[in-house]
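What follows is one structure encoded as structure tokens, with my remarks underneath.
Protein chains get the first letters and strands the later ones, always in sequence-line order, with residue 1 at the start of each. None of these values were measured; they are calculated from a predicted model.
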Amino acid sequence: MIQQRKLEIAVGFFMVLGLAALFMLAMRVSNLSTVGLSDTDSGYNVTALFQNIGGLKVRSPVRVAGVRVGQVTGIDLDNRYAAAVRMHIANGYTFPKDTSASIFTSGLLGEQYVSLDPGGDPVLLKNGDVIRATQSALVLERFIGQFLFNKAQEPGSK
Amino acid sequence: MPPVTLSHPHDPNDAPLVEVRGLCFAREGRVIFDGVDLTIPRGRVTAIMGPSGTGKTTLLRLIGGQLVPDAGQITVDGQQVNRLKRRELFELRKRMGMLFQAGALLTDLSVFENVAFPLREHTHLSESMIRDLVLLKLEAVGLRGARDLMPSQLSGGMARRVALARAIALDPMMVMYDEPFTGQDPISLGVLARLVRHLNDSMGLTSLVVSHDVHETCAIADYVYLIAEGRVVGAGTPTEMSASPSPWIRQFMQAQSEGPVPFHYPALDLITDLMQEGGA
Amino acid sequence: MSDWFAAWGRQGLAVLIRLGRAHLLLFDILCALPALVRRPGELIRQVHSVGVRSLVIIVISGLFVGMVLSLQGYNTLVNFGAAQSLGVLVALSLVRELGPVVSALLYGGRAGSALAAEIGLMKATEQLSGMEMMAVDPIERVLAPRFLAGVLAMPLLAAIFSAVGILGGYLVAVGLLGLDEGAFWSQMQSHVEFYQDIGNGIVKSLVFGIVATWIALFHGYDAVPTAEGVSLATTRTVVHTALAVLMLDFVLTALMFNKV
């Protein structure tokens, strides 16, 4: 019976170790611990309409002043060919109704994210609201093309 | 405390316990039994003897329902074994003990737990009842003191005795012995032979011993069947058998190298065989 | 020529027959699982023998796989100036692929071969027949608890492998290569999805656990009851487990991660 007890302790230890590993994978490695996991938890959803979203993807982060407040939960094309980006904002973050949204890239080759710029309206954004004041993603090819075009237009150019 | 005997609903004067009629069985294209008839009476020690490779072990497996005959029928205690449903077969097997050649003890359990195994599986007895029963069964085979050993620490003869204690743990109506005497030193051979006879008489068992040890088997058997080449070639009490004029029986009982069972494996005539190789 | 075809046909039929027997055995094992609630003790014993005893090899292998991954990944990523993504690389490789696959291969070699040998030996020494004659179903008594134990242990082993591997990668990245600790973890957190990556990794390891344990049990149970038969069964277990795990891994990956 002492044998059996030792066995049970060893198996219990194994189980705890396995679950601890799973817990570590969940909380330390994956995004489970970070805000805005899904649109099912508490919080609210808003939609922003962009002309071009560049490389933005579902689950890209939503940031305000660099602080992560939510994530992109869906990307669709609306009936006027604008990209409708649905975002989930975690509970506890509230923003004025005239908040604007932009798509930025973190670093030169980094991921793209939605940045919100809070405005001054006393009315707050609520679930289902649409943000229309947006600035599209910077598409590098378009940017370079424009840069070269401008360069050629410069009067001092040879 | 007397051994707890489960009463079996059988009448000693009733029909034989095991009846085998017209048994045919072939495996991998080789015919092992071709029309075997056997009758195993209740309360007796019946021996089935025959040269090695005649399928004596197969016969026990057929009676135990582990194999299904190609033709013929096997009846145990009025139930036709090969027609039983799985559950019914398992119920029947609880009343049959079998002693395997090497004992077939469960290697990860101690001697005590091995004997307790069928009790734990099939009864809801309390721990103290199981302990008493196991010790009684071990006492019957003289190994009460070895209860804490593991099977790997036992000699071959002891392992068989433990297996015997396990086979009788549920107080079965019959015990089948598969080659119980093979590879035993003379002392444990004598011990085992006496145990078979003693348990049969004291517990009111029916015993079926499969063996090719003529001397030991004849000493304890009430009735002997001799099987060779898929058929029953002789039957009778040990005294009748040793007096039989049949060449089969004489060869086997007296251990002659030549007889109906040839010394040579079937082959070409020696001269032809030698010439063939030289001429090729 | 026709002999040649006949030989192939015979081989093919033999394989199909074995496959059929294997499925029948799996079916019988699954049918016997509910009866296990009556013997938790046996299940614990088997989790010990397949899980706890595989722990050392899993932890050590996981540590070194993670460390090597970190070292190799760094050498490549640093050329693209993306060394801070090393944590992501290590975590995703381990969680999605290496954790489930390598731990299943190790499990097949360590626990699977032991299971096949144990059951093959029980068959060779007539223990299984003996149980049957004692009206005890060896599938219920011997195979089912081992099967369930394997299926339970495998995802835990894979999770331990991945976790230890990530720690090993962390040690190399931060301790040896001098990467920023915060970047290592935060990049990892923002790129590793719980359901998509870790969840699918767990599903993979569960499937591998079922398949690897099934293969081991079948080869043991189907072994020719002789010494050669048992050794053949262990060899086949390791080979077939490796093949099955790698092929299934491709199929599962295609099903799981091939979405936009």
Non-hydrogen atoms of A:Ala10 and C:His48 that approach each other most closely
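What the structure gives for the nearest pair is CB-CD2, 3.6 Å.
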
For the residue pair A:Val29 and C:Ala91, what are the closest heavy atoms and their distance?
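Closest approach of A:Val29 to C:Ala91, heavy atoms only: CG1-CB, 3.8 Å.
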
Please name the residue in the list C:Ile44, C:Leu152, C:Leu43 that meets the side-chain contact (heavy atoms from CB on, under 4.5 Å) test with A:Val11.
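When C:Ile44, C:Leu152, C:Leu43 are each tested with A:Val11, the side-chain contact (heavy atoms from CB on, under 4.5 Å) holds only for C:Ile44.
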
With rounding to the nearest 0.5 Å, note down the distance linking CD in C:Gln189 to CZ in A:Arg28.
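Between C:Gln189 CD and A:Arg28 CZ, I get 6.5 Å after rounding to 0.5 Å.
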
Please round to the nearest 0.5 Å and tell me the distance separating atom CG of A:Leu17 and atom CG of C:Leu156.
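CG of C:Leu156 is found 9.0 Å from CG of A:Leu17.
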
So do the side chains of A:Phe14 and C:Leu157 get within less than 4.5 Å of each other, counting heavy atoms only?
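The answer is yes; the side chains approach within 4.5 Å.
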
When heavy-atom pairs shorter than 4.5 Å are enumerated against chain C, which of A:Glu8, A:Lys57, A:Met15 gives the highest number?
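Most pairs with chain C among the choices: A:Glu8.
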
Proximity of residues 103-112 of chain C to chain A, residues having a non-hydrogen atom under 4.5 angstrom
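Not one residue of residues 103-112 of chain C has a heavy atom under 4.5 Å from chain A.
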
Name the region of [X], side chain, backbone, both or neither, that has any atom closer than 4.5 Å to a heavy atom of chain A.
X        : result
C:Ile198 : side chain
C:Ile202 : side chain
C:Ala153 : both
C:Ile166 : side chain

